[in-house]
Number of protein chains: 2
Amino acid sequence: MIAQMDNPPPREKRALGFKPLYGQVRDILVARLIEGVWKPGDPLPSEFQLAEELGVSQGTMRKALDELVGRNLLVRRQGRGTFVARHDQQRALFHFFKLEPNDRSRRLPTSQVLGVATGTADNAEREALSLDAGVKVIRVERLRFFEGKAIVRERISLPRAIFAGIEEREALPNTLYALYALDYGVTVAEAREELRAVAAGPEDARDLGLAPGTPLLEIRRVAVALDGRPVELRVSRCDTGHCRYVADLR
Amino acid sequence: MIAQMDNPPPREKRALGFKPLYGQVRDILVARLIEGVWKPGDPLPSEFQLAEELGVSQGTMRKALDELVGRNLLVRRQGRGTFVARHDQQRALFHFFKLEPNDRSRRLPTSQVLGVATGTADNAEREALSLDAGVKVIRVERLRFFEGKAIVRERISLPRAIFAGIEEREALPNTLYALYALDYGVTVAEAREELRAVAAGPEDARDLGLAPGTPLLEIRRVAVALDGRPVELRVSRCDTGHCRYVADLR
DNA sequence: TAGTGGTCTAGACCACCAC
DNA sequence: TGGTGGTCTAGACCACTAA
């Protein structure tokens, strides 16, 4: 059993505080993912084992697992098992990357870091990342390329309290979210993006090889970790002469 | 039973052609929605009745219904029943509308039709809507307002074969998708959007009160009906000085 | 109170994969 | 061949709504 063991009424189902069993099971599984009991790529115990451990039926465990698969936190492979999702698998890669080159090929761009710096969070960063005044952030500026052509200029802000030492690494990988998960225990679970059209500034123009004032697509993304903390602010300015932002509404 | 009645082997489950029962049931339900057996807002028979009619268990029927609820085609209301989703309910309205005024209020903009015309589909329309050469389309141009301020200039292209007569209506409602469903039997089930940054042209500038060349967010959307046909091409140019495009990645 | 969807269980069998 | 996830069933009981 789960929480009910402490309380005499074995199935607490009040009008307001009702929480289904599979929801409690799901929360327990999420907590284990946050704690790092299972790491990216690890297999979970079988559905039957998990169900027996938590004292629920396989059907209930299945429903809990289903929800986590739906949130892209787990991956099922028939005949093999259920695994913790990784941020560097083809399927998951494009979940947080919606730019597509105009030739419709689906590739990830390469990256070139322009600079890494540490500073005090400005107002925008404090609001986006829920930081107190005076807190330090790490800022990464980089360019991203499709087929050797610079398409995106990107500024990434990270709380130093979470990503301490990341500013001293010799190199940063192209897929940062896999790095966050493996080296900092931070699983990016969701993100909110706000898009605007802006005019290219002098630096945008220089780095992207455009005239100043050229319209650029600005993507402002706040990434949220499994535990609900906002962990990254990323502002990308994209030359939509060579790519476009694609969204499927279903 | 369903398809198996004709064939002696009651459960056809070959290596390749295997299709689960709930999938067949789901397809039958979708077919009924396309035929208009149940119209937007109508209640479906209860899960038990549907299950009995199609000769499956309630659990299987439930799984089929679950998928359609997940695709926003049906809506469940506990204690009341399962209903065909409508495109003019608060919940569904914003599923296909991702612009948010910068004051973060969630409202739909009002609309003002600038003009309606009929013409021969151009290359872009033919490709987007899978039309043959020479086919006629109806084009609607309109402005959309937040708080009385013109924010979006929109060009909508519709195949005349599907929406015959729509060009002669005295007025067009703000929420066109509800009109498509109710008067033309066309349920918009999904859409693909491509976003770019563009410079305002003379007409954009005039109608939106901006200087020519101001960066605008261009949203190019192809809406697809329940039966898979593309039914609408919509190109919106948005003044992101007053609003922004919002996407939640999960 | 009757009827609907929502949860949970127990068990059977199938499809897929690795060994 | 054994173990995993995937499907399907039958039945019980709970929560919500409307009459």
Side-chain angles (χ1 to χ4, degrees), chain A residues 1-5 9-29 38 41-70 73-85, chain B residues 1-5 9-29 38 41-70 73-85:
Chain A
M1 283 294 172
I2 304 179
Q4 299 94 337
M5 294 197 74
R11 280 285 155 70
E12 195 73 24
K13 290 187 181 180
R14 302 217 176 287
L16 267 73
F18 171 58
K19 190 154 190 191
L21 240 193
Y22 70 82
Q24 304 174 40
V25 172
R26 177 199 55 209
D27 292 346
I28 290 174
L29 296 176
W38 304 305
D42 284 355
L44 265 60
S46 76
E47 296 180 348
F48 273 110
Q49 288 170 9
L50 282 172
E52 189 182 23
E53 184 200 344
L54 297 184
V56 301
S57 73
Q58 189 209 11
T60 298
M61 178 55 66
R62 219 180 144 62
K63 183 147 186 171
L65 292 169
D66 276 342
E67 293 206 1
L68 302 187
V69 169
L73 299 177
L74 301 178
V75 176
R76 283 211 173 93
R77 287 186 241 175
Q78 188 173 9
R80 297 188 53 194
T82 304
F83 301 80
V84 181
Chain B
M1 284 293 173
I2 302 182
Q4 297 95 336
M5 293 197 76
R11 281 285 155 69
E12 194 72 25
K13 290 187 182 181
R14 302 217 176 286
L16 266 72
F18 171 57
K19 188 150 191 194
L21 239 194
Y22 69 81
Q24 304 175 38
V25 171
R26 177 200 56 211
D27 292 346
I28 290 175
L29 296 177
W38 304 304
D42 283 356
L44 266 61
S46 77
E47 296 181 346
F48 273 110
Q49 287 171 9
L50 282 171
E52 189 182 23
E53 182 200 345
L54 296 184
V56 301
S57 73
Q58 189 210 10
T60 298
M61 179 54 67
R62 221 181 142 60
K63 183 149 187 170
L65 292 170
D66 276 341
E67 294 206 0
L68 302 187
V69 170
L73 299 177
L74 301 177
V75 177
R76 281 211 174 92
R77 289 187 240 173
Q78 188 173 9
R80 297 188 54 195
T82 304
F83 301 80
V84 181

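Both backbone and side-chain heavy atoms feed into the values below; hydrogens, waters and symmetry mates do not.
Distance B:Arg76 CZ to D:dA15 P: 18 Å, rounded to the nearest Å. Put simply, CG on B:Leu54 is 11 Å from P on D:dT9, counting in whole angstrom units. Spacing between atom OH of A:Tyr22 and atom P of D:dC14 amounts to 17 Å, rounded to whole angstrom units. For the pair A:Glu47 CD and D:dG6 P, the computed distance is 6 Å after rounding to whole Å. The interatomic distance linking A:Leu74 (CG) with D:dT4 (P) rounds to 16 Å, in whole Å. Computed from coordinates, the A:Phe83 CZ to D:dG5 C1' distance equals 11 Å when rounded to whole Å. For the pair A:Gln58 CD and C:dA10 P, the interatomic distance rounds to 11 Å; values are reported in whole Å. In this structure, B:Lys19 atom NZ and D:dT7 atom C1' are separated by 15 Å, rounded to whole Å.
An OP1 or OP2 oxygen of C:dC8 is reached within less than 4.0 angstrom by no side-chain nitrogen or oxygen of A:Lys63. OP1 or OP2 of C:dG3 has not a single side-chain nitrogen or oxygen of B:Ser46 nearer than 4.0 Å. For the OP1/OP2 pair of C:dT9 and a distance below 4.0 Å, the side-chain nitrogens and oxygens of A:Thr60 include at least one atom meeting the criterion. Dashed line: the shortest gap from a side-chain N or O of B:Gln49 to OP1 or OP2 of C:dT4 is under 4.0 Å. For D:dG5, the OP1/OP2 oxygens have no side-chain nitrogen or oxygen of A:Arg62 closer than 4.0 Å.
Within the nucleic acid shown, B:Phe48 has no heavy atom closer than 4.0 Å to any nucleic acid atom.
Looking only at distances, a side-chain donor or acceptor of A:Gln24 sits under 3.5 Å from a matching main-chain atom of A:Lys19.
Nucleotide C:dC19 is matched to nothing when pairs are restricted to Watson-Crick or G-U wobble geometry with both distances under 3.5 angstrom.
When distances run from any side-chain atom of B:Leu21 to the nucleotides C:dG5, D:dT9, C:dC8, the shortest one goes to D:dT9. Of the candidates D:dA10, C:dT9, D:dA12, D:dA10 carries the atom nearest the B:Ser57 side chain, counting heavy atoms from C-beta on.
Side-chain contact check for B:Tyr22 versus B:Val56: every heavy-atom pair is 4.5 Å or farther apart. At a threshold of 4.5 Å between non-hydrogen side-chain atoms, the residues A:Arg80 and A:Val75 do not count as touching. Contact of the A:Glu47 side chain with the A:Arg76 side chain is registered, since non-hydrogen atoms from C-beta on lie closer than 4.5 Å. In this structure, B:Leu65 and B:Leu44 have side chains that are in contact, with non-hydrogen atoms separated by less than 4.5 Å.
Closest of all the heavy-atom pairs between A:Leu50 and A:Pro45 is CD1-O, 3.6 Å. Across all their heavy atoms, A:Gly41 and A:Phe83 have their closest contact at O-CD2, 3.6 Å.
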Contact list (N/O, under 3.5 angstrom) for nucleotides 17-19 of chain C vs protein:
none

